[in-house]
Amino acid sequence: MKKKLLAMMLTCVMAVSLAACAGGDESAAEDAGAAGETAEEDAGEDAAEAEGETEGETQEEGGVLVMATNAEFPPYEYYEGGEVVGIDAEIAAAIAEKLGMTLEIEDMAFDSIVTSVSTGKADMGVAGMTVTEDRLQNVNFSDPYATATQVVILREDSDIQDVAGLEGKTVGVQLGTTGDLFAEDIKDVTVERYNKGFEAVQALSQEKIDAVIIDQEPAKVFVEENEGLIILDEAYTVEEYAIAIAKDNTELLEQVNAALAELKESGKLDEIIGKYITAE
Ligand code: ARG
């Protein structure tokens, strides 16, 4: 690990083109700004990050497994006391443990995750991310670890009765999500895109928009936290959540699938999900 870092630094020093080094600087600055960063900003972490960013690198025992996420999505990923927790964080930690690696979580905009993974900045995207044809153009997905549906959140006093009633209305979504895709398809709709799902829900409470389309589990959390909101009793779709991995990193894909299979087999996956979602 050390050797590799040294080699990388040397390459940077020797590179005639400044651009090669600037690339590294840029991501370092980005990393420092990431809200998910904990206090241990020592040299060791920098080294680990540099390694995590090496493109096409194979995962090794003792290495760092970088997870890209958007921690605005309870109960899958959200902040608790400055730390990213939730179903995805725990699944990723369990996978890292099986691989003998240290998990590092990078919080970013949801619509940056696929790029971050496909360019090798992060090793895997774990973000309640639905497998879609579109995303499959850029990344591979692991076997699914959860199913989900999109739902509609309304104000209690709304005159909207069903999904068809969204026609001509103003609908809020989190930018780049499957909810965003569905909203686009509604006839005569105005789509308001927010960086965080929670911001869409707030806008709904404040009567700035008529409805929010979002995944069911975060919808439940947001409705519980905000008075006067309800979830429409009509599910939109069935989707599958899976882990996004760079197309050229088939080794990690296999490792993650093997780890997931073990977690399913041992009951650990159900245990993690059950900790955050109570069965109806
Ligand atoms: N399942 C939806 C999608 O894949 C929403 C995921 C949003 N996740 C998040 N961590 N904010 O588009």
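Each ligand, and each atom within it, is numbered from 1 in the order the structure gives. The first residue of the sequence shown is numbered 1, and numbering continues consecutively from there.
By the 4.5 Å heavy-atom criterion applied to side chains, Leu136 and Phe141 are counted as neighbours. In this structure, Pro74 and Phe222 have side chains that are in contact, with non-hydrogen atoms separated by less than 4.5 Å.
For ligand 1, the atoms sitting less than 4.0 Å from at least one non-hydrogen atom of Gln174 are 7 (C), 11 (N), numbered in the order shown with element in parentheses. Taking every non-hydrogen atom of Tyr241 and a distance limit under 4.0 Å, the qualifying atoms of ligand 1 come out as 1 (N).
With no hydrogens or angles considered, a side-chain donor-acceptor pair links Glu90 and Tyr276 at under 3.5 Å. Side-chain polar atoms of Tyr79 and Asp107 form a donor-acceptor pair below 3.5 angstrom. Using modelled atom types, one finds a donor on one side chain and an acceptor on the other under 3.5 Å when comparing Thr178 with Glu239.
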Anything under 3.5 Å between a donor and an acceptor, one on a side chain of residues 203-214, the other on a protein residue two or more places apart or in another chain? List them.
unit_1, atom_1, unit_2, atom_2, d
Gln206, OE1, Lys208, NZ, 2.8
Asp210, OD2, Thr170, N, 2.8

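Polar contact with ligand 1: absent for Glu72 (N/O pair, distance under 3.5 Å). On a distance-only criterion, Thr177 and ligand 1 share no N/O pair closer than 3.5 Å. Taking any N or O of Gly128, backbone or side chain, at least one lies under 3.5 Å from an N or O belonging to ligand 1.
The shortest contact between atom 8 (N) of ligand 1 and any protein heavy atom is with Ala127 O, 2.8 Å. Protein heavy atom closest to atom 11 (N) of ligand 1, with residue, atom name and distance, is Asn70 OD1, 2.8 Å. For atom 5 (C) of ligand 1, the closest heavy atom belonging to the protein is Asp215 OD1, 3.3 Å.
Contact annotation: for Arg135 versus ligand 1, heavy atoms closer than 4.0 Å belong to the side chain alone.
Contact analysis leaves Tyr76 out of contact with ligand 1, as no non-hydrogen atom separation drops below 4.0 angstrom.
Tyr145 and Tyr241 have tilted rings, their planes meeting at an angle from 30° to 60° on a 0 to 90° scale.
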